Amino acid sequence: MNISNVNEYLRFGIKGSHAALWLQQQGITTPDSANHWVQSSQSTMVLRFGQGEFLIEDQSGGQVVAQLLAASQAKPLGVYEVPRADAAFRLSGEGVERVLAKICMLDITHELQANALLMTQVAGVSAVLLKEGSGEQSSYRLWCDVSYQAYMLNTLSNMTSLIETSEPN
Amino acid sequence: MSKRLPSQNGEWINREKPIQFSFEGKDYSGFEGDTITSALWASGEQVLGRSFKYHRPRGVLSFANHDVNIMMSDGEDTNIRADVVPLKAGMKLKVVNTSGGVKHDKKRWLDKISAILPVGFYYKAFHSPRQLFPFWENIIRQSAGLGEVNFHYPRVTKNKTNQFTDVLVIGAGVAGLSAAIQAAKAGVSVVLVDENQQVGGSLNEGYTGDDEVRSTLRALCDDLSQYPNLTCITSAYVAGYYTDHYLPIISKNGMIRMRAKSVIVATGAFEQPPVFRNNDLPAVMLSTAAQRLIHRYRVKPFEKGLVFTANQQGYRAALDMLKAGIELVALVDLRKLQNEPLADELVALGVTIYTGHCVYEALPSANNFGVKSVIVCPYDEVNATPDITKPTTIECDGVAMSAGWSPAAALLYQAGTKMHFDDKLQQFVPQQLPAGVFAAGKVNGVYSLEQRQLDGERAGCEALKYLKVAAGEIVVPAHAETIPSHPYPMVPHPKAKNFIDFDEDIQLKDFINAAQEGFDNIELMKRFTTVGMGPSQGKHANMNAIRVLARIRNLPIAKVGSTTSRPFYHPTPLGHLAGYSFQPYRQTALHAWHENANAEFGQVGPWMRPAYYKKAGLTKQETIAEEVLAVRKSVGLIDVSTLGKIEVHGTQAAEFLERFYTGSFASQKIGTTRYALALDEAGVMMDDGIAARMAEDCFYLTISTTNAAMVYREMQRWQQIWQLDITLINVTGAYAAINLAGLASNEVLTKLVKDEAMIQQLKSGDVADLTVQEMPVRVIRVGFVSETAFEMHVPVNQAMTLWLALLEAGKPYKLQAFGTEAQRILRLEKGHALIGHDTDGLTNPIEADVTFALNMQKSFFIGQRSLKIIQKKPLNKKLVAFTLSAVSPHQAPLECNLVIEHGEITGRVTSIAFSPTLQKYIGLAYVQPQQSVASSTFEIRTDSGDLIKAVVVKAPFVNEVQGTV
């Protein structure tokens with residue numbers, strides 16, 4: 001399994017009863033239902049955690065987060081910025097599902113179909129998990145609080161070593 | 001002398017790969033595929049173990065891990081189940097629980113005095129005189145247990161993984177195979193688990209002489225390989241059933257935590273022994289054990305054998321033995337009237353059949369190492385009595401025995417299946433299965449080969465229908481053969497040694513004695529006799545025990561019932577349970593700085609926090625004292641990023657706080673903070689912190705480090721109930737917090753802000769968003785550790801910049817970073833109680849003396865109703881501040897030491913420390929209300945038993961006024 005740290009991607013969190021409407025007014029495509037995500041533009045992901053809670057992440061070259069941060073300074077009614085401090089990972093490689101099966105108790109191959117995302121415990125830590133791409137090009141994205149970064153990286157590395165060195169059950 | 005039979009199709013051994021090993025210091029060889037036991041039995045060794053209590057020689061009993069006659073150690077692992085553990089080259093094996101080797105065990109004398117060591121003797125014999133109990137205890141402890149724990153066992157982290165399936169089939173005998181294939185045909189995902197090395201169950205050894213059986217197994221195995229959606233896991237057992245079809249699968253390498261949508265239990269049945277004198281001698285074995293030896297490993301169980309049976313299985317085993325070239329001297333059948341279809345075949349082959357007879361006893365060969373002959377008598381089935389006036393002695397060197405079956409129903413019981421006793425089968429069978437759980441095969445009371453196959457298919461179809469997949473309707477005809485299990489296969493003998501539980505050497509008479517002592521309920525009898533409490537967990541013993549108790553009490557078996565089955569149903573190495581575990585830890589944004597500054601870390605909740613910063617030449621206590629004094633004399637800095645931080649936004653934010661906390665918030669002015677105390681509904685103190693009002697519709701809350709997650713969860717839960725117009729945002733991880741504390745803190749901070757007047761204007765309890773070093777910083781003037789202190793909250797990515805700037809600005813004031821140890825002393829000097837440290841799971845605010853935080857006039861807050869009731873009751877205890885005078889460190893009480901009044905416990909110390917500022921011990925303690933008045937005294941009993949006098953004082957211990965302490 002390959003582990004890439006992508007903390008450097010810019011993120012914007014938003015919460016509130018009018019959050020979905022406000023995002024749409026800013027020209028952001030939002031997922032229709034909670035616990036789903038969409039690729040809003042080529043380099044921007046929009047994750048919907050609840051009826052009124054979103055995470056927008058600009059990947060390399062994305063400009064959306066900066067625009068949203070500027071727009072949110074007006075403090076629109078019923079919309080609250082959620083300060084983000086995430087440890088963010090991209091997990092790929094043929095062993096990724098075996099590693100995740102050791103640290104996540106949900107059936108990720110089944111639960112993460114059709115742009116679903118999971119807010120669950122990964123290695124005992126609250127995390128968000130989703131699957132990008134399909135087939136051999138697929139990878140998983142994992143977000144948790146940045147204070148868990150060292151622990152999560154250490155755990156992911158240990159689990160990777162474990163599946164490489166031990167016999168399968 | 002080799003007992004290995006000629007090669008046969010389907011055997012499990014690879015004769016081209018011999019394996020060398022040693023047993024009890026002697027060299028042996030076996031083949032790849034052998035188990036330890038099969039290799040030794042093939043080599044002519046049949047004394048392979050000693051019994052737990054009487055140290056009787058033991059050999060093969062079930063040869064299926066349903067007993068622990070044969071337990072070995074290889075020097076590293078202990079209690080190796082030799083019957084099923086594959087042989088490996090170079091193994092150096094010894095039998096456990098012997099002194100001087102298995103053949104010369106010095107403790108064999110215990111068998112001679114067994115008459116004076118009945119079950120329960122130690123309950124009664126050693127409790128008086130009391131002074132001698134340690135002596136007996138030492139002897140009993142030395143005798144107890146089987147193998148010895150290897151304290152140098154290498155740490156091997158076992159795998160743990162989660163898997164998911166639509167259908168989990170447990171047991172790969174004919175029923176399980178058929179069920180799995182039936183489900184797989186429909187395209188759903190199927191996992192099939194079996195404890196054996198190969199699938200097939202009893203098809204591998206029962207009826208193997210019959211071509212129909214062999215072709216059935218071959219056809220099922222061919223089918224099995226056709227379905228990519230069917231995964232087969234062998235050499236693994238399902239150890240338990242937990243709610244929602246959650247089942248641990250244990251294999252050599254670890255544990256799979258399987259979550260299934262439906263479960264088919266096709267676990268078969270354990271063969272049960274008839275109970276007669278010396279039924280435990282080596283070479284007296286269950287008939288299926290003989291079949292396994294013959295067909296799986298091609299080993300003769302004995303040369304000249306006798307079958308003692310009470311069902312059709314004995315006849316089948318007899319035929320298998322004859323076909324393997326074993327001389328069969330007789331078949332003894334407990335049943336008088338029998339119409340076994342195989343009887344004629346046996347008679348035609350020259351076998352003498354004794355119907356309505358029993359084996360009265362097996363006579364041992366030299367040293368009890370085997371069988372010399374058996375005594376056969378007529379048997380009265382109604383009264384379970386042998387007619388010893390007509391004995392027949394038959395020479396033989398082994399006995400294959402079969403009295404019936406006990407369903408392997410542990411998982412069904414654990415799943416909540418309602419079982420009933422079927423008199424026609426003489427077996428417990430499922431009556432009402434939980435949703436999504438299905439049973440098939442022998443465990444379901446289905447015995448003939450064709451019917452088991454059909455029953456598996458039926459269970460597969462039912463599982464599919466449960467999953468809402470179309471499937472056919474299959475009806476399995478009722479059992480039409482002879483009764484598979486005998487209702488009472490017990491042969492009494494005046495000299496006993498007729499064993500029911502081979503694990504614990506429990507004999508027939510032990511049950512009768514237990515019942516006479518009043519232990520005549522199945523659960524009580526289990527605990528008194530210890531039946532089923534050994535490593536076999538009753539697999540070969542419980543059913544006979546139930547039958548004996550039913551006979552003693554003259555009750556139907558259904559009324560006697562069975563004992564409770566709990567997971568794990570089979571002993572599992574602790575290493576599998578331990579495996580790797582997750583112990584998440586959090587690091588603040590300043591963690592790297594703390595490491596470089598020689599911090600000694602401690603874990604507070606999930607957070608790694610500096611306890612203190614080590615300094616060369618200073619002890620821990622001296623270092624902590626120096627950190628405390630830095631704050632008291634000048635200024636100190638602590639990373640408090642670990643505090644929980646929650647924003648409450650919305651038009652009803654104040655209303656939310658009014659309900660959640662005990663104080664008043666509706667009237668709180670913007671730019672101020674208030675103490676926020678949260679209770680649970682019972683009025684117990686849950687957490688405290690600060691509520692800062694940032695706007696009319698916005699509060700910023702701090703929560704104590706260890707309670708942050710719990711408080712946020714509770715807030716979300718209450719908001720679900722209250723549905724107020726608010727939005728909660730947990731910003732614990734997003735913001736760092738730094739506390740600058742001490743008399744000079746004002747001056748240090750002033751150096752970093754543009755508008756000095758802003759700092760001067762900040763009064764205790766004020767909050768403001770300021771610009772510090774070009775950064776937006778939320779500054780709260782708080783007095784937790786010092787009257788002059790500033791708590792600064794910044795986004796985590798700016799924390800290091802601020803921290804370094806403060807350190808630089810503080811240099812002229814000898815600013816020093818301090819850790820949680822100094823923080824605890826500093827807060828104690830200020831007289832602040834810590835929730836969870838100075839309170840427990842029952843403490844209310846009246847006892848903790850924080851009534852100032854209660855606004856009982858409000859219409860509602862969580863816990864208010866309980867407090868109103870508590871207020872009407874007399875106060876039992878009160879938290880007070882105290883000091884000790886002239887106490888040396890080794891005399892000083894510790895936290896949790898008791899407050900004693902006239903020899904009675906009246907309270908306890910919750911916090912105590914030596915104050916470097918005051919140069920004396922200070923603390924907090926619960927005392928009786930009448931002891932709580934200032935200047936009162938009370939006594940604390942230390943660990944050494946001394947009573948130390950304490951004086952109640954008014955907190956705070958340290959007060960900072962006008963730049964002095």
Side-chain angles (χ1 to χ4, degrees), chain A residues 7-8 11 13-19 50 52-53 75 77-87 97-111 121-127 143-155 158-159 161-163 165-169, chain B residues 156-166 189 233 236 246 249-257 259 261 579-589 591-592 606-608 641-642 645 647-651 695 697-698 709 725-736 795-797 799:
Chain A
N7 281 12
E8 73 277 11
R11 293 177 198 90
I14 188 167
K15 193 174 180 182
S17 53
H18 298 152
E53 186 170 4
K75 300 196 181 301
L77 190 68
V79 177
Y80 308 102
E81 186 192 336
V82 178
R84 302 293 310 192
D86 300 89
E97 277 158 7
R98 280 177 64 200
V99 169
L100 288 174
K102 291 184 183 301
I103 59 177
C104 177
M105 295 185 75
L106 294 179
D107 185 1
I108 53 161
T109 54
H110 182 255
E111 302 282 349
Q121 295 266 306
V122 175
V125 170
S126 295
W143 292 262
C144 64
D145 192 284
V146 72
S147 58
Y148 286 112
Q149 173 160 306
Y151 164 75
M152 186 59 80
L153 190 58
N154 195 28
T155 303
N158 286 345
M159 291 298 123
S161 307
L162 196 65
I163 64 160
T165 55
S166 65
E167 298 169 51
N169 277 309
Chain B
V156 180
T157 306
K158 299 289 183 182
N159 264 329
K160 270 187 197 166
T161 192
N162 301 295
Q163 285 189 20
F164 307 85
T165 187
D166 291 323
S189 61
I233 303 171
Y246 189 48
I249 301 173
I250 307 296
S251 67
K252 177 172 161 278
N253 298 315
M255 184 197 303
I256 298 170
R257 294 180 287 215
R259 181 81 69 181
K261 289 181 184 162
Y580 53 80
S581 60
F582 299 117
Q583 291 173 324
Y585 57 86
R586 304 178 79 169
Q587 294 176 344
T588 72
H591 190 83
W607 289 96
M608 302 302 294
S641 304
T642 60
K645 306 167 205 83
E647 290 176 355
V648 187
H649 296 275
T651 58
D697 59 353
C698 176
D725 177 28
I726 60 145
T727 296
L728 295 167
I729 300 176
N730 187 347
V731 292
T732 299
Y735 286 119
V796 285
N797 57 359

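Quick caveat: nothing in here was measured; it's all calculated off a predicted structure. Chain naming here is simple, since letters A, B, ... match the order of the sequence lines and numbering starts at 1 in each.
- In terms of modelled atom types and a separation under 3.5 Å, the side chain of A:Ser147 and the main chain of B:Gln587 share no donor-acceptor contact.
- The greatest number of non-hydrogen atom pairs below 4.5 Å with chain A, out of B:Val156, B:Leu728, B:Thr651, is found for B:Leu728.
- In terms of heavy-atom pairs under 4.5 angstrom with chain A, the leader among B:Thr727, B:Ile726, B:Asn162 is B:Asn162.
- Of the possible donor and acceptor atoms, one in the side chain of B:Lys158 sits under 3.5 Å from a partner among the backbone N and O of B:Lys252.
- Judged by distance alone, with hydrogens and angles left aside, the side-chain atoms of B:Thr165 form a donor-acceptor pair with the main-chain N or O of B:Ser189 at under 3.5 Å.
- The side chain to side chain contact (heavy atoms under 4.5 Å, CB included) check on B:Ala589 picks up B:Val796, B:Ala799, with sequence neighbours excluded.
- In this structure, the portion of A:Asn154 lying under 4.5 Å from any heavy atom of chain B is its side chain and not its backbone.
- The candidate with the highest count of non-hydrogen atom pairs below 4.5 Å against chain B, out of A:Leu100, A:Val146, A:Asp107, is A:Asp107.
- In this structure, chain B has a heavy atom under 4.5 Å from the backbone of A:Glu81, while its side chain stays farther away.
- No more than 12 heavy atoms of other residues, nucleotides or ligands shown are found within 6.0 angstrom of CG on A:Leu77.
- Looking at B:Pro584, the atoms closer than 4.5 Å to chain A (heavy atoms on both sides) sit in the backbone and in the side chain alike.
- Each of B:Ile250, B:Ile233, B:Asn159 was compared with B:Ile256 under the side chain to side chain contact (heavy atoms under 4.5 Å, CB included) criterion, and only B:Ile233 meets it.
- The contact between A:Asp145 and chain B is made entirely by side chain atoms (from C-beta outward), counting heavy-atom distances below 4.5 Å.
- Both the backbone and the side chain of A:Ile103 come within contact range of chain B, each with at least one heavy atom under 4.5 Å from a heavy atom of that chain.
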>> Assess the residue pair B:Ser251 and B:Asn253 against the criterion (side chain to side chain donor-acceptor pair (under 3.5 Å)); give the C-alpha distance rounded to whole Å, side-chain angles, the decisive distance to 0.1 Å, and a yes or no.
In response: CA-CA 5 Å; B:Ser251 67; B:Asn253 298 315; 5.1 Å; no

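- Counting heavy-atom pairs under 4.5 Å between each of A:Val125, A:Asn158, A:Val82 and chain B puts A:Val82 at the top.
- Note on A:Ser17, A:Gly13, A:Ala85, A:Gly16: by heavy-atom pairs under 4.5 Å with chain B, the leading option is A:Ala85.
- Contacts between A:Met152 and chain B at a heavy-atom distance below 4.5 Å are absent for every atom of the residue.
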